[in-house]
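For reference, the structure discussed in these notes is given below.
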Amino acid sequence: MFPLDLLSSSAPVAAPASPLLADLNEEQLAAVTLPAGHALILAGAGSGKTRVLTTRIAWLLQTGQATPAGILAVTFTNKAAKEMTARLSAMLPVNVRGMWIGTFHGLCNRLLRAHHQAAGLPQAFQILDMQDQLSAVKRLCKQHGVDDERFPPKQLQYFIAGCKEEGQRPGDVAVKDPDTRKKVEFYQLYEEQCQREGVVDFGELMLRSFELLRDQPHLRAHYQRRFQHILVDEFQDTNRLQYAWLKQLAGDEVGGQMRTQGSVIAVGDDDQSIYAFRGARVGNMADFVREFDVQRQIKLEQNYRSFSNILDSANALISHNSRRLGKNLRTTQGPGEPVRVYEAHNDLAEAQWMVEEIRQLVKNDGFERQQIAILYRSNAQSRVIETALFNAGVAYRVYGGLRFFERAEIKHALAYLRLLENPHDNTSFMRAVNFPPRGIGARTVEVLQDAARSAGCSLSDAVTAVPGKAGANLGAFVAKIEVLREQTQGKNLRLIIEAVLEESGLLEHYRNEKEGADRIENLQELVNAGESFVTQEGFGRDAVALPLDEHGQALRQSPVSQGIDPTQPMLDQVLPGSQPAAGIIDIDTGETLSPLVAFLTHAALEAGDNQAQAGQDAVQLMTVHASKGLEFDAVFIGGMEEGLFPHENAMSDSGGLEEERRLMYVAITRARKRLYLSHSQTRMLHGQTRFHMKSRFFDELPEEALKWITPKQQGFGTFTPQSSGGYGGGGYGGSRGGFGAKTETFASPPVPPQKAAPSHGLRAGIAVFHNKFGEGKVLAIEGTGDDARAQVNFPRHGTKWLALAIAKLTIVD
DNA sequence: CAGCTACGACTTTTT
DNA sequence: GTCGTAGCTG
């Protein structure tokens, strides 16, 4: 956007004339141009937080205070990471791939792939999502005869995840009672199972890479030296382990004080901390200030989003919380419309009121439908609202629900793909073994599991131990996988996925199913996703990292390197204008992640885009939690009742109540121009009609900003929509979640033609020699120049992808 | 072994 | 009320 004069690196450090810094307010400018040192930025809702973060990075680069390789910016969601990356590359003609910008888990993944040996993992380790983790837990429960009345698998999963979030291994958990002891024992068994199968769950990604840094001094020192500028987004939502992880990267702790070389900038808002239930610890903010001896705190209190009636409501509400760092949003905008409050007789009437107001907003006030949001505390509330919208023919879209990579048919396909990479992945084995049905029932699987347990091997290896027809069926399945692995050897990702879909029988199965058309469409979409993953996304952001230095030494220069800064260790420095990097590279062997492993990682770490269809002209429905970070011209908050909002489960203790209040604060601050609140006297909940008092939060809002609206008509549900549209015009029935954007996100351009005359002289079919792996046969070549990689089959080590710039391959005559 | 029925849960959720 | 799972029956 801004034409930037990047070449004049002699620009003064505090260049006020820099177009980068134009239009920043005083607070923002101060935050962007903070001198070296640790800082806490309290960024209120709508205060331009993302802009400050990205401009800060751009400014550091532009003024020569940082190189791309020296920057680590971490977020919670892929969406936030993507946005940061996109904005940054719009600001500066810099190759953002050289920077470590990503989610906590994405960056952990990078670390672990690059240092998999030091971390004790196979390079191609697979990542379990929550579904996978739960089925792994269930499997283990069965195997050990765990009483699932006393220890429901869900609870064990929660326990394990909770321990890891606190940074605790089984040995670290304080055992207070017999139940805890049992759980810890189970935790231990679970760990062993994961290690055996070469899989890690989300918590393990964090914990394992934390331990890697903690236990490998030279590695830690290396990264500490490298990342001179660490920036953390949504700091109030970090859990204990994430904070500990950051500390490892920032420096060493001595007597409760951090000794650091670079600077850490934490950006957050304690008033928007709404994830305590999943381990977020607002206290990390205070700890950060103390342990890092933070001298600078900046508050961004200028709000650019809302009219003052809305903002005053938010300020007034949140002032009822104690234990705040203290912040008051202000705006230069006028009061705007009052906040409208509606009391309905029942939930249906509430929904109909919303629909009617929305029609008027669109018809009379020219609001766009996608700029109107209906927020609710719990998902169950959406049904009535959806019905009302549908009946009125108003297009809507519900956020949440299943994402693309979580759909059953996709999970099945992924299970087959994972088995190609790792036959010992029992979670995937279990998912695929009898789907599509091939006569392998629960009984057979039980026999197999017993055999595997007594032989101490994977399910795949145990099939030969199962006798009879059952054994034959199992053998056929394993053989099928092996044939598939054979067939796809050296093929590109698209062909691999296509082969799996066909050979697994998945396509055939869904072709014969009545409702299978959508599923087949999704499976086709998976092929497209694989294709664009390779051609468009360059193997995905999280998978990308160039050579890592295990010993803190500068690495051997790669032959064709240009634009490498010799004063910096050659970690992840990206060649300007080069093709996307080849993926994670093991420095000792030159081994890279295969496109398939990279894709599977991508699928686990990024379950799919939720806002793919956001552009539609449709009213947005979502939970308050899901609305965080978004903004709308008009916002409706329904179900403002005691027991619902604040939720009954959170009302008992003050901590829970304060979190509910923060949740309400988040909801209010989503609105730009109009805010509508409603509550209902009665509501269907869990199949029962319940009576509710109006929420206490109403009493905490400034009376002068509110306008109470009474029902136009008395009685129950007598309201009739009067306008022309009438019935079912929309046909938008809950199209939940999904990848949707078939034409946008995954439009795959023609595959770029292979560059001619490869300098390495390798081609498929010839024999090569590798120092560590010995002699092997080249199966495929991908990429060019520094990014060229070869797939080589070594008789003793299996099939590897090797970066030709790193791996020393000699051609065997 | 697969399909069907009954029963229980049920706040929020990203990686 | 509705979804998902567990257990039973054909």
Checklist entry - Tell me: NZ of A:Lys154 to C1' of B:dT11, nearest whole Å? => result 14 Å

Item to check | Sugar-phosphate, base or nothing in reach of A:Gly441, heavy atoms under 4.0 Å | outcome: sugar-phosphate

Next on the checklist: Is a donor from one side chain sitting under 3.5 angstrom from an acceptor on the other, for A:Thr238 and A:Asn284?
Outcome noted: yes

Checklist entry - Does the side-chain ring of A:Tyr275 lie flat on the base of B:dT13, meaning centres under 5.5 Å and planes less than 30 degrees apart? => result no

Next on the checklist: So, does A:Arg403 get its side chain near the phosphate of B:dT15, meaning an N or O under 4.0 Å from OP1 or OP2?
Outcome noted: yes

Next on the checklist: Under 4.0 Å, heavy atoms only, any strand: does A:Phe76 hit a base, just the sugar-phosphate, or nothing?
Outcome noted: sugar-phosphate

Next on the checklist: Counting the atoms with a prime plus P, OP1 and OP2 as sugar-phosphate, which does A:Gly203 contact under 4.0 Å by heavy atoms, base, sugar-phosphate, or nothing?
Outcome noted: nothing

Checklist entry - Among the nucleotides B:dT12, B:dT14, B:dC10, which one has an atom lying closest to any side-chain atom of A:His686? => result B:dC10

Checklist entry - If you look at every strand shown and take non-hydrogen atoms under 4.0 Å, does A:Ala604 touch a base, only sugar-phosphate, or nothing? => result nothing

Checklist entry - Can a salt bridge be assigned to the pair A:Arg240 and A:Glu165 using a cut-off of 4.0 Å between side-chain N and carboxylate O? => result no

Next on the checklist: For a quick check of understanding: with a heavy-atom distance under 4.0 Å over all strands, which category does A:Met130 fall into, base, sugar-phosphate or nothing?
Outcome noted: base

Checklist entry - What's the closest nucleotide to the A:Ser378 side chain, out of B:dT11, B:dT15, B:dT14? => result B:dT11

Checklist outcome for this item: So the contacted stretch of DNA chain C, first to last nucleotide with an atom under 4.0 Å from a non-hydrogen atom of chain A, runs from C:dG1 to C:dT2

Checklist entry - In this structure, which one of A:Gln133, A:Gln193, A:Arg139 forms a side chain to side chain donor-acceptor pair (under 3.5 Å) with A:Thr427? => result A:Arg139

Checklist entry - Does the side chain of A:Asn379 get closer than 4.0 angstrom to OP1 or OP2 of B:dT11 through an N or O atom? => result no

Item to check | Spacing between A:Tyr158 atom OH and B:dT11 atom P, to the nearest angstrom | outcome: 13 Å

Checklist outcome for this item: Here the distance between atom C1' of B:dT14 and atom CZ of A:Phe277, to the nearest Å, is 9 Å

Checklist entry - Want to settle it: does A:Asp129 or A:Leu663 sit nearer the 5' end of DNA chain B, counting the closest nucleotide to each? => result A:Leu663

Item to check | Euclidean distance, atom CD of residue A:Gln126 to atom C1' of B:dT15 [Å, nearest integer] | outcome: 16 Å

Checklist entry - Mind checking whether A:His625 and A:Phe277 have ring centres under 6.0 Å apart? => result yes

Checklist entry - DNA chain B: A:Glu406 or A:Arg438, which has the more 5' nearest nucleotide? => result A:Arg438

Item to check | side chain to side chain donor-acceptor pair (under 3.5 Å) partner of A:Arg683, chosen from A:His692, A:Gln688, A:Glu350 | outcome: A:Glu350

Item to check | A:Val200 backbone acceptor or donor facing A:Gln126 side chain under 3.5 Å | outcome: no

Checklist outcome for this item: Out of B:dT11, B:dT15, B:dT14, minimum distance to the side chain of A:Glu660 belongs to B:dT11

Checklist outcome for this item: From the candidates B:dT13, B:dC1, B:dT11, the one with an atom nearest any side-chain atom of A:Asn649 is B:dT11

Next on the checklist: Rounded to whole Å, please give me the gap between CG in A:Leu644 and P in B:dT12.
Outcome noted: 10 Å

Item to check | Closest to the A:Thr444 side chain, choosing from B:dC1, B:dT11, B:dT12 | outcome: B:dC1

Checklist entry - Going by 5.5 Å between centroids and 30° between planes, is there a stack of A:His647 over B:dT11? => result yes

Item to check | B:dT13 OP1/OP2 closer than 4.0 Å to side-chain N/O of A:Thr623 | outcome: yes

Next on the checklist: If you compare every side-chain N and O of A:Asn434 against the phosphate oxygens of B:dA2 (OP1, OP2), does one of them come in below 4.0 Å?
Outcome noted: yes

Next on the checklist: Using a 4.0 Å heavy-atom cut-off, does A:Ile440 contact any base of the nucleic acid, only the sugar-phosphate backbone, or nothing at all?
Outcome noted: sugar-phosphate

Item to check | Within 45° cone of A:Tyr399 ring axis and under 6.0 Å: A:Arg397 NZ or CZ | outcome: yes

Checklist entry - Looking only at atom P, what distance separates C:dG4 and B:dT13, rounded to whole Å? => result 16 Å

Checklist entry - Rounded to whole angstrom units, what separation is found between the CZ atom of A:Arg683 and the C1' atom of B:dT11? => result 14 Å

Next on the checklist: It should be established whether A:Asn78 places a side-chain nitrogen or oxygen under 4.0 Å from OP1 or OP2 of nucleotide B:dT15.
Outcome noted: yes

Checklist entry - When the distance from CZ of A:Phe435 to P of B:dG3 is rounded to whole Å, what number comes out? => result 10 Å

Checklist entry - Does A:Arg278 count as lying over the ring of A:Tyr275, i.e. NZ or CZ under 6.0 Å from the six-ring centre, within 45 degrees of the axis? => result yes

Checklist entry - Are A:Arg87 and A:Glu83 close enough for a salt bridge, meaning some N to O gap below 4.0 Å? => result yes

Next on the checklist: Using whole Å, what does the distance between atom C1' of nucleotide B:dT11 and atom CD of A:Glu641 come to?
Outcome noted: 15 Å

